[in-house]
Amino acid sequence: MHVKRFDDAQPYEAPNHRGVVGLRLQGFEDGGPENQWIGLSQFLPGGGAGPDSTPFEKVYVVLEGEMTVLVNDAETVLKKYDSCTIAPNEVRSVENRSNHVCTMLVVIPYPPEAK
């Protein structure tokens, strides 16, 4: 078992993100997960990401607040404990349109160059 305390989570910069602080909860470390890494993103009001895509799928889980996810001209609002999977190469944007911080768990496979 690999335990990492929240107090030990390190911030990271995510490309094409704004108004967000990301913390790496698991991954990219000795003894950590081998297939994916887990991030905790805290989006300020007006914060967001994209539009962009990745060659691998990712999962978003909203823990607090709400997040608007835009894919193919469709908008979906995720609220507390809602989740979605973004398919490989699917262009998406996320926007925190509320006046509250949105805390979101992100599960992403390692990029091929990281293996």
Side-chain angles (χ1 to χ4, degrees):
M1 179 169 75
H2 177 74
V3 174
K4 186 171 181 183
R5 304 288 179 198
F6 186 73
D7 286 345
D8 297 328
Q10 294 296 307
Y12 65 93
E13 293 288 326
N16 203 17
H17 284 57
R18 60 202 171 278
V20 62
V21 173
L23 295 173
R24 185 168 290 116
L25 300 182
Q26 288 278 336
F28 295 99
E29 61 203 350
D30 291 339
E34 296 181 14
N35 300 309
Q36 70 278 322
W37 64 277
I38 310 297
L40 183 78
S41 296
Q42 299 169 89
F43 288 89
L44 294 173
D52 58 17
S53 65
T54 60
F56 37 84
E57 72 180 10
K58 54 187 141 297
V59 175
Y60 298 147
V61 182
V62 173
L63 302 177
E64 289 292 333
E66 62 182 51
M67 183 62 68
T68 301
V69 182
L70 300 97
V71 175
N72 297 326
D73 297 322
E75 295 184 7
T76 302
V77 176
L78 300 179
K79 297 186 178 190
K80 188 172 184 175
Y81 302 134
D82 291 343
S83 61
C84 71
T85 299
I86 304 297
N89 302 310
E90 187 169 53
V91 177
R92 65 84 182 109
S93 294
V94 296
E95 299 175 358
N96 181 0
R97 296 179 177 170
S98 79
N99 287 332
H100 300 278
V101 172
C102 176
T103 303
M104 192 163 67
L105 194 69
V106 182
V107 181
I108 306 175
Y110 289 120
E113 64 272 10
K115 291 186 176 187

[atom1] of [X] to [atom2] of [Y]: how many Å apart, nearest 0.5 Å?
X: Y110; Y: N35; atom1: OH; atom2: CG; result: 8.0 Å
X: L70; Y: T76; atom1: CG; atom2: OG1; result: 8.0 Å
X: R97; Y: T68; atom1: CZ; atom2: OG1; result: 4.5 Å

inquiry  = Using the side chain to side chain contact (heavy atoms under 4.5 Å, CB included) criterion, which residues pair with Q26? Sequence neighbours excluded.
reply    =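 In terms of side chain to side chain contact (heavy atoms under 4.5 Å, CB included), with neighbours along the sequence ignored, Q26 is linked to H2, K4, E29, P33, I38.
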With the 4.5 Å side-chain cut-off for hydrophobic clustering, are [X] and [Y] part of the same group?
X: V59; Y: M104; value: no
X: L23; Y: W37; value: no
X: V106; Y: L78; value: yes
X: V94; Y: I108; value: yes
X: V61; Y: F6; value: yes

**Message:** I'd like to check N89 versus P55 (side-chain heavy atoms, cut-off strictly below 4.5 Å). Are they in contact?
**Reply:**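 In short, these two side chains touch, coming nearer than 4.5 Å.
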Is Y60 close to M67 at the side-chain level, that is, under 4.5 Å between some pair of heavy atoms? no
Side chain to side chain donor-acceptor pair (under 3.5 Å) filter on N16, not counting sequence neighbours, yields D52
**Worked check of side-chain contact (heavy atoms from CB on, under 4.5 Å) between C102 and V62** = CA-CA 7 Å; C102 176; V62 173; 4.1 Å; yes
Classify the ring geometry between F43 and H17 as parallel (under 30°), tilted (30 to 60°) or perpendicular (over 60°). parallel
Q) Between the side chain of N96 and the main-chain N/O of L44, is any donor-acceptor distance below 3.5 Å? A)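 Present.
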Checking Q36 against E57 for the side-chain contact (heavy atoms from CB on, under 4.5 Å) test, could you report, in this order, the C-alpha distance in whole Å, the side-chain angles of both residues, the deciding distance, and whether it holds? CA-CA 11 Å; Q36 70 278 322; E57 72 180 10; over 6 Å; no
Quiz item: Going through the distances and angles, do L105 and L25 end up as a side-chain contact (heavy atoms from CB on, under 4.5 Å)?
Solution: CA-CA 9 Å; L105 194 69; L25 300 182; 3.8 Å; yes
Mind checking what makes ring pair (Phe, Tyr, Trp, His ring centres under 6.0 Å) contact with F56, not counting sequence neighbours?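 With neighbours one apart ignored, the set is empty.
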### Query
Where do V69 and I86 land on the side-chain contact (heavy atoms from CB on, under 4.5 Å) test, with the steps shown first?
CA-CA 10 Å; V69 182; I86 304 297; 4.1 Å; yes
ask   = Using 4.0 Å as the upper bound for N to carboxylate O, is an ion pair formed by E64 and K79?
value =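 Salt bridge absent between K79 and E64.
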query = With a 4.0 Å cut-off, would you call R92 and E90 a salt bridge?
reply =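 Looking at R92 and E90, the cut-off is not met.
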